[in-house]
Structure formats: C-alpha cells, structure tokens
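Below, read A as the first sequence line, B as the second, and so on, with proteins coming before strands; counting in each chain starts at 1. Remember, it's a predicted structure, so these values are computed and weren't measured experimentally.
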Protein chains: 2
Amino acid sequence: MPSIKDVAKLAGVSIATVSRVINNSGKVSPEKRSRVIEAIEKLNYQPNLLARGLRQQKTRLVGCLVPDVENLVFARLAKYLEEFLSARGYSVILCNTNNDKNKERNYLSVLVQRKVDGIIFSRVSDESILFMSSYFRQVPYVVLDRTLEIEFAPTVKLDNFLGGFLAARHLVELGHRCLACVTGPLKIRLCRERLEGFREGLKVAGIDLRNEYIVESDFKINGGKEAALRMLATGNLPTAVFAHNDMMAFGVMQAFRSEGLDIPRDISVVGFDNIPLCEVVSPSLTTVAQPFEEMARLGVELLDSLIRGEKVTQKVMVVKPYLVIRSSTAPPRVA
Amino acid sequence: MPSIKDVAKLAGVSIATVSRVINNSGKVSPEKRSRVIEAIEKLNYQPNLLARGLRQQKTRLVGCLVPDVENLVFARLAKYLEEFLSARGYSVILCNTNNDKNKERNYLSVLVQRKVDGIIFSRVSDESILFMSSYFRQVPYVVLDRTLEIEFAPTVKLDNFLGGFLAARHLVELGHRCLACVTGPLKIRLCRERLEGFREGLKVAGIDLRNEYIVESDFKINGGKEAALRMLATGNLPTAVFAHNDMMAFGVMQAFRSEGLDIPRDISVVGFDNIPLCEVVSPSLTTVAQPFEEMARLGVELLDSLIRGEKVTQKVMVVKPYLVIRSSTAPPRVA
DNA sequence: CTGTTAGCGCATTCAC
DNA sequence: GTGAATGCGCTAACAG
C-alpha cells in the first residue's frame with residue numbers, strides 16, 4: 001500500500017504538496033499539481049482514512065442502530081439512511097441490535113471507539129439511551145421512529161396518532177360502525193398513540209371503540225392470525241379491522257379467509273407501514289403509509305447539521321402518515 | 001474525550017503501562033493495574049480505534065457488499081454475516097450497492113481507504129470484481145452466493161444444480177408429468193444452474209422439459225404473476241410449476257388463484273430460498289431452502305482464516321440446499 | 001515489571 | 001508556492 005510519502009517521492013515534491021493536491025487546499029503550481037496527480041494514478045494511491053481521521057478528529061463515519069434488519073420496515077429505513085448518508089460523503093456502520101439491549105450497549109461503545117461523527121438510533125431501548133447519555137455531549141445523534149423521554153433529544157418521528165385517526169376516518173366514511181383494532185405491544189408508545197388516534201377517529205363519528213374489540217398482539221403475521229381467530233371465537237365479528245402494521249394485517253386477512261370470509265366483502269382490513277408487499281397480496285392492502293424516505297432524509301439532514309455544528313432550531317420533527325386506499329376496504333354489507 | 005495520556009496521568013503511571021492493562025499484554029503489578037482500571041472508569045476512557053488501527057495496521061473492520069438489503073434473501077444473509085462477524089470481534093460496514101455498478105466501485109474504494117481487514121462480496125457484478133482485482137492481493141475477501149470466473153477466488157456458494165434437481169424430483173415423485181419452470185434472469189449463472197438441475201431431475205424420470213414451459217422472469221413477485229398469466233394465455237397449463245425464488249412463486253400462486261385455480265389441487269408450486277413468508281402464506285409454500293446461516297458462517301470463518309493468514313486448503317465451499325415440503329404441492333388430479 | 005521513544009499516515013502550522 | 005516539522009492516540013521495541 002503506497003502512502004503519501006511514496007507519492008511525494010515519485011512526484012519529486014514534499015508530502016505537504018501532495019496533501020494540498022488531494023484536499024484541494026492551498027495553492028499549488030499547475031505543474032507540480034499535475035506531477036502529483038500523475039504519481040497518484042501511477043501508484044494507485046488511496047489516502048488512509050484512519051490517519052486522516054486521527055489527524056482531523058473526524059471520520060465521516062456514521063453509525064446506524066436498527067433493531068432488526070430483517071424487518072421490512074427497518075430494511076427500508078436502513079436503505080434510505082445509507083443512501084442519503086453516502087450521498088453526503090458518510091460511510092455507514094450498520095448495527096443490527098436484534099432487539100437485544102446488550103448488543104445495543106456494545107455497539108454504542110464500539111461506535112464511540114471508532115470515532116463515528118454521529119449516530120442514528122432507530123427504536124432503541126430506554127436502557128441503551130441511558131447508557132448512551134454519557135456520550136450525548138460528545139457525539140451528535142438523532143433518534144428515528146421512536147420518541148425518547150429525554151428533553152431536547154433530536155428526533156424525527158411519525159405522527160402515529162394521526163395514523164390511527166386516518167384509518168378510523170376512512171373506515172367510518174365507508175359506513176363501518178363496528179370496528180376492531182389489532183395493536184402492537186401496548187408498552188410501546190407508538191402503539192398507544194395509534195390506538196388513541198383510532199379511538200378518536202371513531203369518537204368524532206359518535207362511535208365507541210369497545211374494549212373487546214381491542215386485541216393486543218406482537219407485530220408479527222402469526223400474531224395477526226391469532227388475533228383474528230380470537231375475534232372469530234367470540235362469534236361477535238366487527239365489519240372492519242385496523243391492524244398496527246401490515247404484517248399483522250396479512251395475518252388477519254389470512255385467518256378470516258381460511259374461515260370462509262371474504263375480504264373486503266365481509267370484513268375490511270387496514271394495515272400500517274405500506275411495505276411493498278401490500279400491493280402484491282390479494283386483495284391488495286389498504287394501509288397507513290409511513291414516509292420512510294422522508295423520515296430518513298430528515299434524519300440525515302438533521303444529523304448532518306448537528307455534525308457540522310450548525311445552529312438547529314427545530315430539533316424535533318414530526319412527519320405525517322397518509323392513507324393508501326387499495327382493495328382490502330369496502331363498505332360493509334347491508335346489515 | 002480522554003486519551004491514554006489522561007489515564008496515565010491520573011493513575012500515576014506511564015502510557016505504556018496503561019496500554020498493557022488495556023490489551024492485557026505484558027506484566028503489570030496488581031497495584032498499578034488496579035490504579036489504571038480505576039482511572040479508566042473514572043474518566044470513562046474509551047480507546048481510540050483509529051489510532052490503534054493506524055498503529056497495528058489492522059482495524060477489525062469488515063466490509064460487506066450486498067446488492068439490496070430490502071430483498072429478504074440479502075437481509076437475512078446480512079443479518080447472519082453481521083452476527084458471526086461481530087461474534088469474532090469485527091465491526092461491519094454494510095454497503096448496499098443497489099445493483100449499481102458505480103456504487104459498487106465507490107464502496108470498494110471506500111472500504112480500502114478505511115483499511116478494512118477483509119471484504120465479503122455478495123452477488124457483485126463482474127465489472128466490480130475486475131475493478132477490485134487490483135486490491136485482491138492486498139485485502140482478503142470472500143465471495144458469497146455467486147461464483148466468479150476468477151481462479152482461486154475464495155467462495156461460498158450454493159449447489160444450485162442440486163436445488164433444481166430436488167424440486168424436480170419432489171414433483172415427479174408426486175406424480176407430475178407436465179411441469180414448468182419460471183426462471184430468474186438467465187444471464188445469471190445460478191439461474192442457469194437451477195434450470196439445468198431441474199431439467200436433469202425430470203430427465204432421469206424420462207420427462208422432457210419443453211421449451212414452452214420455460215418462462216424467464218426477474219425474481220420479482222409481479223414477474224411471477226406475469227409468467228403465470230402467460231402460461232394461462234397459452235391454454236396449455238402444466239400441473240406443477242417450479243419458480244427460481246419464493247417471491248415469483250407467490251406471484252405464480254396469486255395469478256393462478258385469481259383465475260379460479262386451486263393450489264395445490266389444480267397446480268402445485270415450488271419456490272426457492274425459504275424466506276420466512278413461505279410458512280405464513282396460504283397455502284404455505286413448498287420450497288428449496290438455502291442454508292443462509294450456514295453460508296454466512298462458512299463465509300465468515302473462511303474470511304477470518306484468510307485475515308489471520310492461516311493456511312486455507314479449501315477455498316471454495318459448496319453448501320447443499322434442501323427441500324422443505326409444505327402445502328403448495330400435491331399429486332396432480334387424475335387426468 | 002516499568003518508562004521512554006519511535007512511528008503508523010496524514011493535515012497543518014510555520015518559516016522561507 | 002513550498003517544504004520541514006509537529007502531533008493526532010496508540011502499540012511495540014527497547015532499555016533499564
């Protein structure tokens with residue numbers, strides 16, 4: 001591996017001049033510049049980013065923590081984060097925490113040791129945040145998709161209440177009066193928000209969301225199936241179901257269909273997330289879409305500003321979900 | 001950020017002693033050791049891995065190139081790679097090339113500049129490999145899931161021919177005599193291998209795979225749909241279909257079902273990959289499973305050996321796929 | 001056992 | 001414009 005010295009020697013200049021050429025800083029005579037460029041190409045020289053980082057005290061590295069890359073939601077988020085970060089000249093260390101607090105802790109430590117310029121957290125546990133808090137003044141960070149209880153934490157989040165509300169309004173407008181909600185784990189704040197938004201959407205139409213129509217589940221497809229089966233078991237079916245994510249909605253649809261019900265003729269289903277699969281299943285799934293790309297873009301912009309030390313006035317950004325109407329929702333059958 | 005100097009000062013020892021404690025190298029008196037440890041904790045000192053990497057000429061960083069993290073196959077692979085690599089003390093820079101040759105090129109360059117200890121390629125283009133070849137003697141690498149035409153390239157790959165063969169044998173054993181294959185892009189070698197394996201599996205049963213029953217597609221769900229519709233259009237339906245991945249198999253199932261056909265009563269379908277969705281769709285999908293975890297494990301082991309400079313006798317490893325029989329396959333209806 | 005020192009590769013003063 | 005010298009934080013070689 002050639003170093004800057006080798007280039008300098010070959011070009012017959014000092015390493016300072018080579019550095020100036022590489023970084024386009026300072027004045028260099030055209031002649032020496034071309035000699036340096038020639039040497040660089042001849043040696044196939046690549047600057048050592050470790051050394052540069054050590055010297056400059058910045059690395060153009062950003063760490064991204066996600067709970068599960070196999071989850072389509074986070075795969076998507078990760079993809080966009082990476083795309084926008086690399087467009088701004090950052091490399092990304094992607095850390096899959098697997099929802100494991102110890103892994104989170106470890107990764108945070110590793111990222112700090114590797115001197116990342118910033119960190120983007122997505123849905124980490126409060127414990128990790130606590131652990132991380134000792135670094136909070138040392139390394140810029142942005143929290144994505146999850147609100148922290150920490151004041152002033154720079155955050156990009158979805159208006160989950162609105163998401164639930166949109167689902168409710170859509171179903172009410174179709175004429176549904178008997179609705180159910182399959183939630184994610186209610187210990188997660190965003191689930192509570194989605195539920196409350198849904199409840200409010202019904203309330204403004206004069207409909208009560210009865211407790212027996214709230215089924216708590218786990219964001220997984222099988223959880224959705226089980227939730228639907230539980231409803232079937234009561235014999236008291238709603239005419240429409242709102243699930244807190246698309247996977248559970250798929251499970252709900254499958255369970256109902258396996259019992260001979262037709263979607264949406266017998267029961268309408270609304271999901272949440274708008275993962276690509278929504279449009280390919282049949283019937284295609286009406287869902288509350290999360291603007292992942294926008295969230296990633298905002299998160300990256302925010303982090304970049306923080307890293308560059310720019311003054312950031314708005315540290316908490318809330319993005320709006322929107323409804324994508326497909327074929328899984330329809331007016332209820334006339335009773 | 002405290003440095004080793006601060007620790008040394010606080011503990012009243014030299015930086016060499018601190019280094020010895022950190023790395024557990026050399027002998028240090030118990031007393032000084034505990035003083036150092038105390039200082040480290042007090043200052044919340046974290047070693048600077050840039051400096052260490054620069055000094056040691058190794059970083060414990062590994063770069064992983066995948067074509068598309070949103071694709072469940074690669075998300076899975078990436079997850080396992082990360083898991084096994086971090087278990088061995090490596091951090092991972094995950095690069096999503098988005099099937100873009102320029103991004104591949106860029107990433108390779110970045111990884112080299114960041115002095116990664118090794119690289120794991122998954123399904124990169126031949127062009128990138130060409131570009132990379134200038135580094136091949138400088139940085140250890142392993143090719144996953146795709147064979148290169150380069151001699152001696154360390155590789156972990158699937159026996160794709162066997163995969164096709166297994167699918168064929170299963171269907172033939174069920175009694176099918178009229179079979180079709182929905183392939184991925186045939187310019188990709190592994191698709192040709194899967195197809196040939198399938199053909200051979202039929203051949204040993206005395207069945208010819210007729211050309212009109214080979215439909216080339218694109219690995220996507222919609223591609224599968226279209227392929228099925230094309231078959232329907234000919235009016236000459238097979239009794240079983242083998243698709244080169246699960247997503248296309250889902251598309252095939254959907255298209256057939258939307259035309260009133262029943263899976264597996266009217267038509268059996270076999271997929272490839274064994275993504276988690278296989279067991280949750282209905283009917284659940286019989287498929288040729290790729291042992292992603294094993295591939296990742298072998299790839300990481302191989303790379304680690306290479307990095308450590310161990311002598312590696314077997315540089316090309318071929319892993320075997322296996323059949324997972326679910327509900328999408330059944331004997332054909334009696335003609 | 002322990003401390004001093006050199007140097008990894010680079011950007012950045014500061015003289016000239 | 002240009003080069004010599006310094007130091008980022010660390011490990012390793014060496015001397016004691």
Next on the checklist: Please classify the nucleic acid contact of A/Leu50 as base, sugar-phosphate, or nothing, using heavy-atom distances under 4.0 Å.
Outcome noted: nothing
Next on the checklist: Using whole Å, what does the distance between atom P of nucleotide D/dA15 and atom NZ of B/Lys27 come to?
Outcome noted: 22 Å
Next on the checklist: Let me spell it out: for each of B/Gln56 and B/Arg20, pick the nucleotide of DNA chain C with the closest heavy atom. Which residue's pick is nearer the 5' end?
Outcome noted: B/Arg20
Checklist outcome for this item: Closest non-hydrogen atoms of A/Pro276 and B/Glu70, given as atom of the first, atom of the second and distance, are CG-OE1, 4.4 Å
Checklist entry - Would you say the side-chain atoms of A/Asn96 and A/Tyr107 include a donor-acceptor pair closer than 3.5 Å? => result no
Checklist entry - Just how far, in rounded Å, is P of C/dA11 from NZ of A/Lys58? => result 12 Å
Checklist outcome for this item: The nucleotide from C/dC10, C/dT2, D/dG3 with an atom nearest the side chain of A/Asn48 is C/dC10
Checklist outcome for this item: In whole angstroms, the gap separating P of C/dT2 from CG of B/Asn23 amounts to 16 Å
Next on the checklist: Expressed as a whole number of angstroms, how long is the span from A/Met1:CE to C/dG7:C1'?
Outcome noted: 19 Å
Checklist entry - Does A/Arg76 make a cation-pi contact with A/Phe292, if we ask for NZ or CZ under 6.0 Å from the ring centre and within 45° of the axis? => result no
Next on the checklist: Is it the case that the side chains of B/Arg114 and A/Ser91 hold a donor-acceptor pair, with the cut-off being a distance below 3.5 Å and no angle test?
Outcome noted: yes
Item to check | Check: D/dG1 base within 3.5 Å donor-acceptor of A/Arg33 side chain | outcome: no
Checklist entry - So, is B/Lys5 close to the D/dC10 phosphate, meaning a side-chain N or O under 4.0 Å from OP1 or OP2? => result no
Checklist entry - If you look at every strand shown and take non-hydrogen atoms under 4.0 Å, does B/Leu49 touch a base, only sugar-phosphate, or nothing? => result nothing
Checklist outcome for this item: B/Ile15 CD1 to D/dT11 P, in whole Å, measures 9 Å
Item to check | For atom CD1 of B/Ile4 and atom P of C/dT4, their distance in whole Å | outcome: 14 Å
Item to check | First encountered from the 5' end of DNA chain C, between B/Ser14 and A/Gln46 | outcome: B/Ser14
Next on the checklist: Which residues pass the salt bridge (charged side-chain N to carboxylate O under 4.0 Å, His left out) test with B/Asp159, not counting sequence neighbours?
Outcome noted: B/Lys320
Item to check | Which nucleotide in C/dG3, C/dG9, D/dT11 has an atom nearest any side-chain atom of B/Thr17 | outcome: C/dG3
Checklist entry - Are B/Gln57 and C/dG9 close enough that a side-chain N or O sits under 4.0 Å from OP1 or OP2? => result yes
Item to check | B/Arg52 CZ to C/dG9 P, straight-line distance once rounded to whole Å | outcome: 18 Å
Next on the checklist: Looking at D/dT2, I'd like to know if its phosphate oxygens (OP1 or OP2) sit under 4.0 Å from a side-chain N or O belonging to A/Ser29.
Outcome noted: yes
Checklist entry - What is the distance from CG of A/Leu54 to P of D/dT6, rounded to the nearest Å? => result 18 Å
Next on the checklist: Need one value for A/Arg55: base, sugar-phosphate or nothing, where a base atom within 4.0 Å counts as base even if backbone is also close, heavy atoms only.
Outcome noted: base
Next on the checklist: Of the listed nucleotides (C/dG9, D/dG1, C/dA11), which one gets closest to any side-chain atom of A/Ala51?
Outcome noted: C/dG9
Next on the checklist: The side chain of A/Ala16 is closest to which nucleotide in this list: D/dC8, C/dC10, D/dG3?
Outcome noted: D/dG3
Item to check | Euclidean distance, A/Phe219 CZ relative to A/Asp273 CG, rounded to 0.5 Å | outcome: 7.5 Å
Item to check | D/dG3 phosphate, OP1 or OP2, under 4.0 Å from A/Lys32 side-chain N/O | outcome: yes
